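After the structure tokens below, expect a handful of questions from me.
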Amino acid sequence: MPVLDTPLQIGSARIRNRLYRAPVLEGAGSGPDAAKLYARQFVGNARAGVGLIIQGNSCIYEEGRTSPGMTLVNTRERVLRLGEMVDAVHPEGAAVFLQIGHGGMYAMEAWHHPYAAERKGPLIAPSKPPWFLRPAFLRAPVHAMTTEEVRAMAGRFGDVASWAREAGYDGVQLASGNAKLVHQFLTPFYNRRADEFGGSVERRASLLRAIREAVAERAGDDYACTVKIPVDEKSPPLTPRISFEDGMEMCRLAQEWGYHAVTPVRLSVLPDTTLTKGDIPASLWRNKTMKRRLREAASSRVQWSLLMAGYVVGSVRNPFEPVWNRAVFTEAKRRLSIPVFAVGGIRTTEEVNGILDSGQADMVGIGRPFYAEPDLAARILGGSDEPRRCRNSNFCVPAEMLGMRGTCYNPAVKKTTAAT
Ligand SMILES: Cc1cc2nc3c(=O)[nH]c(=O)nc-3n(C[C@H](O)[C@H](O)[C@H](O)COP(=O)(O)O)c2cc1C
């Protein structure tokens with residue numbers, strides 16, 4: 001039997017096969033229809049055979065979302081309401097993990113005009129922004145969290161995990177990449193703290209230990225608790241960053257501290273398109289809704305231009321590259337005994353089987369292509385050589401940032417519909 005079809009145990013979660021839907025936002029928000037909006041996508045994905053669905057980043061505090069469509073999981077009631085979606089997915093055989101996090105200094109309260117205007121307090125971060133980023137935060141004060149606040153935040157991660165377990169989710173993943181708050185703690189680019197959460201690789205990573213302990217204590221030691229680890233970061237010249245070896249050490253520490261799986265990823269310290277790679281999202285210029293939403297979000301011409309420049313430069317510097325994290329997940333797999341998740345530019349059945357059969361990773365994740373092809377798992381699991389639909393055009397990226405629904409916005413891509 002191909003490895004792809006074999007089950008895998010991750011903490012308390014049994015996953016029926018090795019294909020997972022990587023976390024991409026659905027723009028489902030936090031309204032009364034959030035569970036239904038998620039179910040509309042996930043039930044079809046599950047029916048098509050995917051083993052695990054990781055729901056996109058959901059925010060543990062009332063402030064801290066990075067886009068208006070991001071779901072809040074800051075209360076038990078909110079998380080329990082999402083259980084309706086999990087209950088709809090489970091009969092189709094897939095497991096569901098909830099990804100949890102916070103945007104830190106890149107929360108939308110920093111840049112998205114209506115939310116910035118209503119911000120209740122300063123943005124939170126491990127330290128004040130590096131000096132050369134400060135002009136971008138002139139109108140959004142940043143508060144360096146106290147040690148007590150960091151401990152309380154770790155506790156909140158534990159609470160959310162326990163609510164997730166109660167709601168039926170099979171596990172959690174920390175949103176610890178993509179320049180979000182946990183990532184900001186891990187990287188020396190942002191973290192210049194002098195307390196127990198700053199300094200050496202181990203001390204910066206010790207937020208992961210505090211969160212892991214809180215999750216074990218409140219949701220149960222066996223509850224599947226997984227983490228994304230930034231490895232070999234890109235950072236501006238002469239600035240500190242997580243090197244390849246630092247990232248590997250963080251993977252080792254995550255294993256030592258009881259995480260049930262890791263997803264090592266190459267990232268930038270900036271919230272640019274390093275995490276997706278691919279084309280410039282031309283949708284901003286062509287799609288009327290996106291254009292309007294961007295103008296509403298970016299209050300000044302300078303801010304608007306900065307956002308656009310970030311996209312263009314990011315995309316030019318990060319062209320699509322098939323399986324671009326291979327070097328990092330393969331090395332993590334070689335060094336660790338816990339399951340290693342692969343993600344990033346994996347598209348074909350051949351690539352999926354190649355990674356699994358040669359033991360380069362234990363689970364293989366696909367992200368964006370699920371927008372264009374919700375029944376993609378059937379094609380991969382069935383070994384079909386039908387051409388893939390996603391063109392890595394990244395039209396979905398600004399849409400997500402501006403709070404639109406998670407779907408493929410490339411007019412040249414013929415979409416399939418989820419088999420719900
Ligand atoms: C629109 C969009 C939203 C994303 N949201 C998240 C997220 O919430 N959490 C996360 O860890 N990664 C997120 N990602 C990154 C994906 O999980 C994945 O790592 C990335 O897209 C590369 O995989 P792919 O080439 O298969 O799409 C997002 C990517 C896209 C395109």
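Just follow the structure's listing: the first ligand is 1, and inside any ligand the first atom is 1. Remember, predicted model here, so these are calculated numbers, not experimental data.
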(message) Students should be able to answer this: which protein heavy-atom is nearest to atom 8 (O) of ligand 1, and at what distance?
(response) Asn57 N, 3.0 Å

(message) So, regarding Arg368 and ligand 1 (criterion: nitrogen or oxygen to nitrogen or oxygen, under 3.5 Å), is there a contact or not?
(response) yes

(request) For atom 21 (O) of ligand 1, find the nearest protein heavy atom and state the residue, atom name and distance (0.1 Å precision). (result)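 Nearest neighbour among protein heavy atoms for atom 21 (O) of ligand 1, to 0.1 Å: Thr276 CG2, 3.7 Å.
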
(message) Pairs of nitrogen or oxygen atoms closer than 3.5 Å, one from Val24 and one from ligand 1: do any exist?
(response)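 No; the residue has no nitrogen or oxygen that sits under 3.5 Å from a nitrogen or oxygen of the ligand.
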
(message) For Glu77, is there an ion pair with Arg81 - N to carboxylate O distance below 4.0 angstrom?
(response) no

(request) Give the numbers and elements of all ligand 1 atoms closer than 4.0 Å to a heavy atom of Gly367. (result)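 Checking each atom against Gly367, I get 24 (P), 26 (O), 27 (O).
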
(request) Please identify which atoms of ligand 1 are closer than 4.0 Å to at least one heavy atom of Trp324. (result) 22 (C), 25 (O)

(message) Once you restrict to heavy atoms under 4.0 Å, what part of Gln173 touches ligand 1? Side chain, backbone, both or neither.
(response) neither

(message) With a sphere of 6.0 Å drawn around NZ of Lys234, does it hold more than 12 non-hydrogen atoms of other residues, nucleotides or ligands?
(response)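 Check passes, neighbour count above 12.
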
(message) Any heavy atom of Gly345 closer to ligand 1 than 4.0 angstrom?
(response)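 Contact present.
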
(request) Report the distance from atom NZ of Lys180 to atom CD1 of Ile100, rounding to the nearest 0.5 Å. (result)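 Atom-to-atom, Lys180:NZ and Ile100:CD1 are 15.0 Å apart.
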
(message) Regarding Arg335 and Glu331, does a basic nitrogen lie under 4.0 Å from an acidic carboxylate oxygen?
(response) yes

(request) Evaluate side-chain contact (heavy atoms from CB on, under 4.5 Å) for Val89 paired with Asn45, printing each intermediate quantity in order. (result) CA-CA 9 Å; Val89 171; Asn45 303 155; over 6 Å; no

(request) Using non-hydrogen atoms of the residue, decide whether Gly177 is closer than 4.0 angstrom to ligand 1. (result) no

(message) Evaluate Gln99 for polar contact with ligand 1, using N/O atom pairs at a separation under 3.5 Å.
(response) yes

(message) Please report the interatomic distance CG(Leu270) to CG(Leu133), rounded to the nearest 0.5 Å.
(response)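 Going from CG on Leu270 over to CG on Leu133, the span is 6.5 Å.
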
(request) Please identify which atoms of ligand 1 are closer than 4.0 Å to at least one heavy atom of Leu25. (result) 3 (C), 5 (N), 8 (O)

(request) Evaluate the ring planes of Phe197 and Phe185, with Trp represented by its six-membered ring, and classify them as parallel (under 30°), tilted (30 to 60°) or perpendicular (over 60°). (result) perpendicular

(request) Considering only NZ, NE, NH1 and NH2 on the basic side and carboxylate oxygens on the acidic side, decide whether Arg252 and Glu249 come within less than 4.0 Å. (result) yes

(message) We want to know whether Asn74 and Arg156 form a side-chain donor-acceptor pair, criterion being a heavy-atom distance below 3.5 angstrom.
(response)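 Asn74 vs Arg156: no donor-acceptor pair found between side chains.
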
(message) For Arg388 and Thr348, which I'm curious about, is there any donor-acceptor pair between the side chains at under 3.5 Å?
(response) no

(message) Considering non-hydrogen atoms of the protein only, which is the closest contact for atom 22 (C) of ligand 1, and what is the distance?
(response) Leu275 O, 3.5 Å

(request) Compute the shortest N/O to N/O distance between Ile366 and ligand 1 and return yes if it is under 3.5 Å, no if not. (result) no

(request) Among all protein heavy atoms, pick out the one at the shortest distance from atom 3 (C) of ligand 1; state its residue, atom name and that distance to 0.1 Å. (result)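 For atom 3 (C) of ligand 1, the nearest protein heavy atom comes out as Glu400 OE1, 3.5 Å.
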
(request) Looking only at protein heavy atoms, identify the closest one to atom 14 (N) of ligand 1 and say how far it is in Å. (result) Pro23 O, 3.2 Å

(message) For atom 18 (C) of ligand 1, what's the nearest protein heavy-atom neighbour? Residue, atom name and distance, please.
(response)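 Looking at atom 18 (C) of ligand 1, the protein heavy atom closest to it is Val343 CG2, 4.1 Å.
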
(request) Ignoring hydrogens and angles, tell me if any N or O in the side chain of Arg65 forms a donor-acceptor pair with the backbone of Ser67 under 3.5 Å. (result) no

(message) Show me which atoms of ligand 1 lie under 4.0 Å from any heavy atom of Cys396.
(response) 1 (C), 31 (C)

(message) I need the contact type for Tyr371 against ligand 1. Using non-hydrogen atoms and a strict under-4.0 Å cut-off, is it side chain, backbone, both or neither?
(response)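 It is the side chain that touches ligand 1; the backbone stays farther off.
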
(request) Indicate yes or no: does an N/O atom of Lys228 lie under 3.5 Å from an N/O atom of ligand 1? (result) yes

(message) Using a 3.5 Å cut-off on N or O atoms only, is Arg347 in polar contact with ligand 1?
(response) yes

(request) Using a strict 4.0 Å cut-off to heavy atoms of Ala22, name the atoms of ligand 1 that fall inside it. (result) 17 (O)

(message) Under a 3.5 Å distance rule, please check whether Thr187 uses its side chain to pair with a backbone N or O of His183 as donor and acceptor.
(response)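 No.
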
(request) State the OG-CG distance between Ser58 and Leu25, to the nearest 0.5 angstrom. (result) 7.5 Å

